[in-house]
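Okay, so here's the structure we're looking at.
Throughout, a chain's letter reflects where its sequence line sits, starting with A, and its residues are numbered from 1.
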Number of protein chains: 2
Amino acid sequence: MTCDPMSDMTETDENALNRSPDEQASGFEAVRTAHQSEMVEDYVELIAELIHMNGAARPVEIAERLGVTQPTVSKNLNRLKREGLILQEPYRSIRLTEEGRQLAEACRKRHRIVVDFLVALGVSQEVAEYDAEGIEHHVSEETLSVFRAFTRERSKS
Amino acid sequence: MTCDPMSDMTETDENALNRSPDEQASGFEAVRTAHQSEMVEDYVELIAELIHMNGAARPVEIAERLGVTQPTVSKNLNRLKREGLILQEPYRSIRLTEEGRQLAEACRKRHRIVVDFLVALGVSQEVAEYDAEGIEHHVSEETLSVFRAFTRERSKS
DNA sequence: TACAAAAGTTAGCTTTGGCTAAATTGTGTA
DNA sequence: TACACAATTTAGCCAAAGCTAACTTTTGTA
């Protein structure tokens, strides 16, 4: 067969193909679920950063740092309000609720673990920050532990 | 301040916050861009797998393995047709175009690099497959090279 | 203090990718 | 061969997250 793109398959590949439909589906479902929390997590984490840096988080700055327009931010902030993560009177800047603060903290830590891991592995600081933005939402607890352990080990020497 | 969730910041954290708005925005934009190609890549990769396993890729099986309904698959297959990645006469099973084959092949290789890397690092085979599904779409060329090198190095010993 | 510019919001449009219900087509078997 | 069941498609709904245009509020400064 000249047209089978799988002529160089390894043992591991075969294992992958042998996964049950259900197992495979649950992976894809997890990705879809992660996408739904990404927006919330990115906003809350960024808001915490801005408060830390500037003493306040203003929508205009959130828009700038996310690379989206102000109306988009405004709409998404309403969702965060509904979910009880932020407090904001109209036309005023944003505060985090206790729940929002905790989520921000958890996200920041996870982001840090991923970036530090990539850097320990040999990825440049800049690309590490860049890739972590996407990777951090798709890392299970198990993998996160392994990342942490690797970084700790590597930085000892 | 008792309520600043950033009291334990490291050097690296400060660097992160010092990134320019533009730099930070480009990271988020990259994530949004990646999301748009994810569906296409997942489908094409899965179609190649199914053809390899069964000799044919049928929509009903794609639906089962992605964990979505058949109409969803049908709709998304139309997009793949429009983009010239697959061929399909109505009510018949699916073939990949040359372009589709190449994309599938690239995705399969990248998927493999990520899974093998995670396993080499110490993550269980099952979780590696699971996490790779999400991670693979957010790994830059630089990081991918580092992954590859690590796996090669690790498997020598 | 008044007013122009900046910031924030609202309204309404678009695309994407889910879904269900219902129609159509293909297939295997009595 | 006829018919029931499985597979596929179509139609139409929804929510999320982006956008522009237009409106309101706040802010800084002449």
Measure the distance from CD on E64(A) to C1' on dG8(C) and round it to the nearest whole Å.
-> 16 Å

For I94(B) and dA7(D), give me the distance from atom CD1 to atom P, rounded to whole Å.
-> 14 Å

Report yes if the side chains of K81(A) and L87(A) come closer than 4.5 Å at any heavy-atom pair, otherwise no.
-> no

Just how far, in rounded Å, is P of dT9(C) from CG of L80(A)?
-> 12 Å

Could you check how far CG of N78(A) sits from P of dA16(D), rounded to whole Å?
-> 13 Å

Less than 4.0 Å between a side-chain N and a carboxylate O, is that true for R101(B) and E105(B)?
-> no

Output side-chain donor-acceptor pairs under 3.5 Å for residues 66-73 of chain A, partner residues at least two apart or in another chain, one line each.
residue	atom	partner	partner atom	Å
T69(A)	OG1	T72(A)	OG1	3.1

Quickly work out the Q36(A) CD to dA15(D) C1' distance and round it to whole Å.
-> 9 Å

R32(B) atom CZ, over 12 foreign heavy atoms within 6.0 Å = yes

Could you state the atom-to-atom distance from NZ of K81(A) to P of dT10(C) in whole Å?
-> 8 Å

Contact pattern, 5' to 3', of nucleotides 23-28 of chain D - B, S or - by protein heavy atom under 4.0 Å | -BSSS-

For T97(B) and L85(B), indicate whether the former's side chain and the latter's backbone hold a donor-acceptor pair under 3.5 Å.
-> yes

Could you check whether Q88(A) gets within reach of a base, just the sugar-phosphate, or nothing at all, counting any heavy atom under 4.0 Å?
-> sugar-phosphate

Under the ring pair (Phe, Tyr, Trp, His ring centres under 6.0 Å) test, residues paired with F28(A) that sit two or more places apart | none

Using the test side chain to side chain contact (heavy atoms under 4.5 Å, CB included), find all partners of A34(B) that sit at least two apart in sequence or belong to another chain.
-> H138(B)

Is the distance from OP1 or OP2 of dA7(C) to the nearest side-chain N or O of R58(A) less than 4.0 Å?
-> yes

Does I94(A) have any side chain to side chain contact (heavy atoms under 4.5 Å, CB included) partners at least two apart in sequence or in another chain, and if so, which?
-> I47(A), A57(A), P59(A), I62(A), L77(A), I86(A), Q88(A)

Identify each atom pair where a protein N or O and an N or O of nucleotides 18-21 of chain C are less than 3.5 Å apart, giving names and distance.
residue	atom	partner	partner atom	Å
dG18(C)	OP2	N76(B)	ND2	3.1
dG18(C)	O6	K75(B)	NZ	2.5
dC19(C)	OP2	T69(B)	N	2.9
dC19(C)	OP2	T69(B)	OG1	2.9
dC19(C)	OP2	T72(B)	OG1	2.8

For the pair D131(A) (side chain) and V139(B) (backbone), establish whether a donor and an acceptor sit closer than 3.5 Å, ignoring hydrogens and angles.
-> no

Please give, in whole Å, the distance from dA7(D) C1' to L77(B) CG?
-> 13 Å

Are R79(A) and dA15(D) close enough that a side-chain N or O sits under 4.0 Å from OP1 or OP2?
-> no

